[in-house]
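A quick write-up on the structure given underneath.
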Amino acid sequence: MTNSRNKGASFEREIANLLNNDLKLKNSLKRILEQTREKYLPDLILGRWYIECKRYGPGNEPLDSWWKQVLESSKGRGIPALIYKFNRRPIKVRVPLGSINPDLHLNSPFTADLLWDDFIFLLKELYQQDIEMHEADN
């Protein structure tokens with residue numbers, strides 16, 4: 001039987017590495033280790049993006065509690081993103097619709113689930129300043 005904490009940490013590292021590679025980050029994105037002690041910290045932060053990572057065996061739809069968790073961690077501080085993966089399924093990313101269309105409010109309850117490459121495209125096209133903000137952090 002796998003340890004769920006180790007599985008979660010491994011997926012967080014995988015996502016950090018994918019973001020580092022796909023966004024060509026020079027300042028490597030790293031897991032927030034304090035998240036295990038602090039309830040309202042996300043797994044990763046990229047600029048204003050507060051990212052929660054979930055890896056689960058069977059299934060195809062994320063749990064409502066996962067989205068609520070990332071909403072709580074980002075509330076008043078950043079843009080929520082839930083990155084999730086189920087066995088034999090592609091990595092997907094749930095984001096607020098307002099992050100895709102600036103005419104919509106970020107605080108709207110409506111979301112969109114994107115494939116990984118679509119999320120990377122979104123970050124590169126609309127959130128270059130967040131990538132630059134991350135690169136400027138030491």
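Just the heavy atoms: all of them, side chains too, but no hydrogens, waters or symmetry mates, feed the values below.
The local environment of CG in Asp64 is sparse, with at most 12 non-hydrogen atoms from other residues, nucleotides or ligands closer than 6.0 Å.
Looking only at distances, a side-chain donor or acceptor of Asn17 sits under 3.5 Å from a matching main-chain atom of Arg13. The main-chain N or O of Asn27 is found under 3.5 Å from a side-chain atom of Glu135 such that the two form a donor-acceptor pair. Here the side chain of Lys85 pairs a donor or acceptor atom with the backbone of Arg89 at under 3.5 angstrom.
The side-chain heavy atoms of Leu126 and Ile100, taken from C-beta on, include no pair separated by under 4.5 Å. At least one side-chain heavy atom of Pro96 sits less than 4.5 Å from a side-chain heavy atom of Trp67. Put simply, the side chain of Leu122 reaches to within 4.5 Å of the side chain of Leu114, judged on heavy atoms. Side-chain contact between Val70 and Pro42: absent, with no pair of heavy atoms (C-beta onward) separated by less than 4.5 Å. Side-chain contact between Leu46 and Leu123 is present, with at least one heavy-atom pair separated by less than 4.5 Å. Between Ile79 and Val95 the shortest side-chain heavy-atom distance does not fall below 4.5 Å. Residues Ile91 and Leu115 have side chains not in contact (no heavy-atom distance under 4.5 Å, counting atoms from C-beta outward). When side chains are defined from C-beta on, Leu44 counts as touching Leu19, because their heavy atoms get closer than 4.5 Å.
Atoms OG and CZ, on Ser99 and Phe119 in that order, are 8.0 Å from each other to the nearest 0.5 Å. Put simply, CD1 on Ile83 and NZ on Lys54 are 12.5 Å apart, with the number rounded to the nearest 0.5 Å. Note: Leu104 CG to Asn101 CG = 4.0 Å, rounded to the nearest 0.5 Å. Within the model, atoms CD of Glu132 and CG of Asp137 stand 12.5 Å from one another, a figure rounded to the nearest 0.5 Å. Here the OH-CG distance, from Tyr50 to Asp43, works out to 13.0 Å after rounding to the nearest 0.5 Å.
With sequence neighbours left out, Arg48 forms a salt bridge (charged side-chain N to carboxylate O under 4.0 Å, His left out) with Asp130. Partners of Glu61 under the salt bridge (charged side-chain N to carboxylate O under 4.0 Å, His left out) rule, at least two apart in sequence or in another chain, are Arg94.
Summarising the geometry of Ala112 relative to Leu97, their closest heavy-atom pair is CB-CD2, 3.7 Å, with the distance given to 0.1 Å. The minimum heavy-atom distance between Trp49 and Pro80, with the atom names listed, is CZ3-O, 3.7 Å. Closest of all the heavy-atom pairs between Cys53 and Glu12 is CB-CG, 3.9 Å. Taking each heavy atom of His134 and Leu29 in turn, the nearest pair found is CE1-CD1, 3.6 Å.
Defined by atom type and a distance below 3.5 Å, a donor-acceptor pair is missing between the side-chain atoms of Asn60 and Arg88.
In this structure, Trp116 has its ring center at least 6.0 angstrom away from the ring center of Phe121.
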Practice item. Kindly indicate, with the supporting measurements, whether the criterion side-chain contact (heavy atoms from CB on, under 4.5 Å) is fulfilled by Asp113 and Val93. Key: CA-CA 5 Å; Asp113 287 16; Val93 185; over 6 Å; no

Practice item. Show your working on side-chain contact (heavy atoms from CB on, under 4.5 Å) between Glu14 and Arg55 and close with a plain yes or no. Key: CA-CA 11 Å; Glu14 177 185 347; Arg55 175 77 170 87; 5.6 Å; no

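Aromatic ring orientation, Tyr56 versus Phe86: perpendicular (interplanar angle above 60°, classes split at 30° and 60°).
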